[in-house]
Every structure is written in C-alpha cells, then in structure tokens.
Amino acid sequence: MNETLNSIGEAASNAANDLLFDKTDSLFSWIKSFITWEHLFKFIGSVFILFIIGIFFRIIAKAIRRVPESKLPAQRSTVILRFLKYCFYVIAVLYILSLFGINLKAIWGAAGIAGVAIGFAAQTSVSNLISGLFVLTEGSIHVGDTIIVGDVTGIVDEVKLLSVRVHTYDNQMVRIPNSTIINSNLTNNSYHNKRRLTLKVGVDYSTDMRKALKTLQKAPSLCPTVLEDPAPAVWFDGFDASSINLVVAVWFKPVDFLQTKNDLYIAIKQVLDEAGISIPFNQLDVKIKQ
C-alpha cells in the first residue's frame with residue numbers, strides 16, 4: 001500500500017515538474033521571439049522618436065511659461081501644460097504599441113468598457129473633474145483671493161482639478177469641491193482691485209441735517225487707506241423711529257479691508273463728537289416714587 005502511494009506521489013511530482021519545464025520553455029521561447037534585429041531597430045527608433053517628441057514638448061512648455069501673466073494667467077497655463085503632458089504620454093504609449101503590432105482597436109474597446117464602469121462608480125469625482133476644468137479656465141478664482149462659497153469664507157491656497165483649498169480667518173483648512181463652486185453662488189472679494197465699504201450712521205432728530213452731512217464728509221479724509229478715486233460719498237438713507245440715517249461710502253484696496261473698516265468707525269465717532277452731534281441709543285428711565 002505504501003509503495004503504491006509513493007509511486008503515485010512520484011508520478012504526480014514528475015508530471016508537475018514536466019508541466020513547469022514546458023511552461024518555462026514556452027516563456028523563454030516567447031521572449032526569444034521578441035529579441036530580434038527587427039525589434040531592436042524598432043526599439044531604438046521608438047526611443048529616438050520619443051526623445052524628439054519630448055524635446056518638442058519642452059520647447060512648447062517653455063514658450064507657454066514665458067507668456068506674460070497679463071495675457072495668460074498662471075492657472076490657465078497650468079491647465080494647458082497638464083493637457084500637453086497627458087497628450088504626450090498617450091501619444092508615446094500608442095506609438096510604442098502600434099510599433100510592435102499590438103491591436104489598438106481591442107485596447108480602445110476595453111478602455112471604453114472600463115471607462116463606462118469607472119464613470120458609473122465615480123460620478124462625483126468626474127463631476128468635480130469637469131467642474132475643475134471650468135473653474136481653472138474661467139479665471140474667476142486665483143490663489144490669494146478671498147472668496148465666499150455658501151457659509152465658507154477663506155483665502156484661496158490651491159486651485160486643483162477636483163477641489164479648491166482655502167484657509168479661513170481662524171486658520172482652518174477647508175476643501176471645497178469644484179462641483180459645489182460651479183453649482184453655488186461664488187463671491188470673490190479680491191477679483192477687482194477696488195472695493196467699496198458702506199456704513200450706516202444714525203443721528204439725533206434734533207441735529208441740523210446739513211451740519212450732519214458736512215460733518216460726516218470729513219471722516220474719510222482721516223482714514224489713510226481710503227482711496228480718493230472713486231471719491232467717498234455721504235447721503236441720507238431715511239428716517240428711522242429714533243434717528244435720521246445717513247450712509248458713508250468709501251473705496252479701498254481689498255487687502256486693506258480690516259484697517260479701512262476700523263479707521264472709518266473711529267473717524268465717524270471722532271468727527272461727530274467734535275461737532276457735538278449725538279448718536280441716538282435706547283435709554284431706560286427709572287423713577288422711584290416716595
């Protein structure tokens with residue numbers, strides 16, 4: 001019985017070894033079939049062609065980088081360079097495959113089926129990717145801009161194909177998907193080089209209205225960050241229950257927002273105090289009966 005089992009084991013081992021040797025010989029034979037002078041010349045030619053294409057790509061990339069930012073913003077040049085790089089990789093792969101006689105139609109068919117499957121599995125990522133192309137090419141957001149999207153207010157750190165990364169005023173990083181930016185109202189406080197700030201001021205009904213108007217017109221001149229062009233403006237904005245309302249409007253550079261706002265509040269209070277004009281406020285009178 002033991003001799004029978006041993007003979008069966010030896011036969012199985014020999015069969016396995018023969019199968020392994022056959023597969024190994026087939027693999028080496030397949031490899032040797034590619035090591036020919038024809039394939040060697042094709043390989044050298046493909047390396048040379050890829051070298052030429054690479055030099056051509058670098059020349060185009062260098063020319064794009066030299067374009068002034070006023071004509072081609074940095075974000076758009078980044079998109080163009082990435083697109084050219086991807087085109088270079090695709091062309092290189094397809095050229096090598098076609099050079100060695102690989103059927104490209106089968107590859108395109110498999111890629112189409114895989115693309116459909118991946119598209120269903122990653123609809124959100126594809127949506128963000130497409131939205132990212134619009135965000136990058138539209139030019140409505142740049143690094144360093146202060147933007148407001150929904151309930152998020154922050155300064156832009158990076159603009160990528162899938163998302164925009166900002167840091168808030170309390171230095172928290174927030175990642176905003178590009179599809180959210182496309183589908184929401186975006187406010188960019190830094191898009192233009194000038195911004196306007198309007199503050200509403202109420203004065204007592206006993207105040208001379210012309211005096212109040214001339215007094216508040218002095219406040220912007222006390223703020224060093226307020227621009228002269230466009231000129232500051234002051235106007236009446238209605239009669240409230242306990243005050244006459246006026247509006248003070250000034251223009252400034254976006255980077256000076258906080259300083260301008262603080263300086264203007266201080267200047268308004270200063271000129272009103274100097275003119276003896278009071279700002280009405282709620283009062284509570286308490287009477288004690290004996």
Side-chain angles (χ1 to χ4, degrees), residues 54 57-58 60-93 110-199 225 251-262:
F57 168 76
R58 290 184 179 182
I60 295 177
K62 194 172 183 180
I64 292 174
R65 291 190 183 100
R66 287 184 176 180
V67 177
E69 191 169 353
S70 58
K71 295 183 178 179
L72 183 64
Q75 291 181 181
R76 294 187 182 181
S77 64
T78 302
V79 173
I80 294 173
L81 289 175
R82 287 179 181 175
F83 177 75
L84 290 176
K85 185 183 294 185
Y86 295 150
C87 289
F88 169 74
Y89 291 150
V90 171
I91 291 172
V93 172
I113 296 173
V116 172
I118 294 173
F120 280 111
Q123 292 183 9
T124 302
S125 298
V126 173
S127 175
N128 287 327
L129 180 62
I130 296 174
S131 299
L133 294 175
F134 284 108
V135 171
L136 288 169
T137 56
E138 189 180 34
S140 57
I141 301 177
H142 302 88
V143 174
D145 289 351
T146 301
I147 64 172
I148 302 173
V149 180
D151 57 350
V152 176
T153 300
I155 300 172
V156 179
D157 293 326
E158 287 183 303
V159 181
K160 294 186 175 182
L161 285 175
L162 294 179
S163 63
V164 173
R165 185 186 299 176
V166 304
H167 69 273
T168 60
Y169 288 122
D170 53 356
N171 207 30
Q172 291 182 327
M173 190 278 286
V174 180
R175 177 183 173 275
I176 307 174
N178 285 327
S179 58
T180 302
I181 294 177
I182 292 296
N183 296 323
S184 305
N185 290 329
L186 166 70
T187 302
N188 189 339
N189 291 334
S190 306
Y191 189 79
H192 297 289
N193 59 0
K194 296 177 183 179
R195 282 187 61 188
R196 194 180 77 164
L197 172 67
T198 58
L199 296 181
T225 55
W251 291 86
F252 60 94
K253 294 181 179 179
V255 294
D256 298 328
F257 172 72
L258 288 178
Q259 182 179 351
T260 304
K261 190 172 184 178
N262 290 333

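Just so we're clear, the structure is a prediction, and the values are computed from it rather than from any experiment.
Put simply, OG1 on T260 and CG on L197 are 7.5 Å apart, with the number rounded to the nearest 0.5 Å. We find the NE2-CD distance between H167 and Q172 to be 11.5 Å, quoted to the nearest 0.5 Å. With rounding to the nearest 0.5 angstrom, the CZ atom of R195 is 10.5 Å from the CH2 atom of W251. Atom CD1 of residue I148 and atom OG1 of residue T153 lie 4.0 Å apart, to the nearest 0.5 angstrom. Of the inter-residue distances, the one linking Y191 atom OH with I147 atom CD1 reads 14.0 Å to the nearest 0.5 angstrom. In this structure, NZ on K261 lies 9.0 Å from CZ on F252, to the nearest 0.5 angstrom.
With sequence neighbours excluded, the residues forming a salt bridge (Lys or Arg N to Asp or Glu O under 4.0 Å) with R165 are E158, listed by chain and number. Residues meeting the side-chain hydrogen bond (donor to acceptor under 3.5 Å, both in side chains) test with S190, sequence neighbours left out: none. In this view, N262 satisfies the side-chain hydrogen bond (donor to acceptor under 3.5 Å, both in side chains) rule with no residue, not counting sequence neighbours. Every residue two or more places apart in sequence or in another chain that forms a side-chain contact (heavy atoms from CB on, under 4.5 Å) with I60 is listed here: F56, I64, L84. Residues satisfying the side-chain contact (heavy atoms from CB on, under 4.5 Å) test with N183, not counting sequence neighbours, are S179. Residues forming a side-chain contact (heavy atoms from CB on, under 4.5 Å) with T180 (at least two apart in sequence, or on another chain): V149, I176, P177, S184.
For the residue pair P254 and K194, the shortest heavy atom distance occurs at CD-N, 4.1 Å. In terms of heavy atoms, V166 sits closest to V156 at CG1-CA, 3.9 Å. In this structure, D157 and V143 approach most closely via the heavy-atom pair O-CG1, 3.6 Å.
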Inset, instruction - Let me see the working for Y169 and T146 under side chain to side chain contact (heavy atoms under 4.5 Å, CB included), right down to the final yes or no. - result: CA-CA 10 Å; Y169 288 122; T146 301; 3.2 Å; yes
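Residues D145 and N189 have side chains not in contact (no heavy-atom distance under 4.5 Å, counting atoms from C-beta outward).
Under the side-chain contact (heavy atoms from CB on, under 4.5 Å) rule, V164 has a single partner from V174, L186, V159, which is V159.
For CG of D170, the number of neighbouring non-hydrogen atoms (other residues, nucleotides, ligands) closer than 6.0 Å is greater than 12.
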